[in-house]
Amino acid sequence: NAGVMQNPRHLVRRRGQEARLRCSPMKGHSHVYWYRQLPEEGLKFMVYLQKENIIDESGMPKERFSAEFPKEGPSILRIQQVVRGDSAAYFCASSSDTLPEAFFGQGTRLTVV
Amino acid sequence: QQQVKQSPQSLIVQKGGIPIINCAYENTAFDYFPWYQQFPGKGPALLIAIRPDVSEKKEGRFTISFNKSAKQFSLHIMDSQPGDSATYFCAAVTQGGSEKLVFGKGTKLTVNP
């Protein structure tokens with residue numbers, strides 16, 4: 001049973017470009033969380049999604065950031081017109097309907113140059 | 001509003017020592033409390049978790065103590081090893097609800113040889 005898969009592992013974008021981060025949850029998991037982590041800092045919640053629904057996006061910046069978790073395919077975190085301050089590690093976690101344990105992927109490290 | 005407060009921010013112990021990391025929560029609806037271990041460059045990994053109907057849980061050298069009345073829980077690492085050097089995050093969630101997993105800010109543990 002594969003774990004949570006995130007890709008790409010590393011992503012370099014120039015200022016103003018778009019970044020697309022993908023997360024495939026563990027098999028059987030329908031809950032997905034996205035977190036952002038700056039170096040030497042904690043995990044900052046961004047968004048919580050269930051299949052085709054955004055449950056809680058209270059941690060998402062109002063502009064340039066969006067997330068989706070379609071019926072088929074991975075969850076996508078999209079950052080438009082990236083700026084240097086978006087450089088961070090972005091982690092995805094997933095959990096199931098029946099068990100509360102959330103499992104994390106290895107993250108995508110975004111660098112904006 | 002930070003719903004889970006974690007301390008200390010950093011901790012240094014000698015090999016064989018017993019580091020203790022403490023967390024306190026506010027929301028009495030939380031009913032599942034996991035701990036995650038994160039090594040540099042990696043995603044957080046689920047280490048051990050506890051539900052409030054027990055006061056203590058042990059898995060190997062890791063022990064969680066839980067005090068429901070005080071709304072506090074702590075992680076103890078017995079016979080700590082240099083390989084335990086990592087950042088540890090406590091978390092809390094309400095099972096079955098549409099609530100996000102809430103994290104403490106993390107404790108960076110260093111175990112010296």
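To find a chain, count down the sequence lines: A is the first, B the second, and so on, and within it residues start at 1.
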>> Counting only non-hydrogen atoms closer than 4.5 Å, does A:Ser95 touch chain B with its backbone (N, CA, C, O), its side chain (CB onward), both, or neither?
In response: neither

>> Would you say that B:Met78 contacts B:Thr63 through its side chain, given a criterion of any heavy-atom pair below 4.5 Å between the two side chains?
In response: yes

> Which of residues 34-60 of chain B get closer than 4.5 angstrom to chain A, counting heavy atoms alone?
Replying inline: B:Tyr36, B:Gln38, B:Gly41, B:Lys42, B:Gly43, B:Pro44, B:Leu46, B:Arg51

>> Tell me whether the rings of A:Tyr33 and A:Phe45 are parallel (<30°), tilted (30 to 60°) or perpendicular (>60°).
In response: perpendicular

> If you round to the nearest 0.5 Å, how far is CZ of B:Phe89 from CD1 of B:Ile21?
Replying inline: 10.5 Å

> Taking all non-hydrogen atoms of both residues, which atom of B:Leu11 and which atom of B:Pro19 are closest, and how far apart?
Replying inline: CD2-CB, 3.5 Å

>> Before you tell me yes or no, could you show the steps for A:Tyr35 and A:Phe91 under ring-ring contact (aromatic ring centres under 6.0 Å, His included), namely the whole-Å CA-CA distance, both residues' side-chain angles and the distance that decides it to 0.1 Å?
In response: CA-CA 5 Å; A:Tyr35 291 84; A:Phe91 290 98; 8.7 Å; no

> So which pairs with a foot in residues 4-17 of chain A pass side chain to side chain donor-acceptor pair (under 3.5 Å), sequence neighbours left out?
Replying inline: A:Asn7-A:Arg22

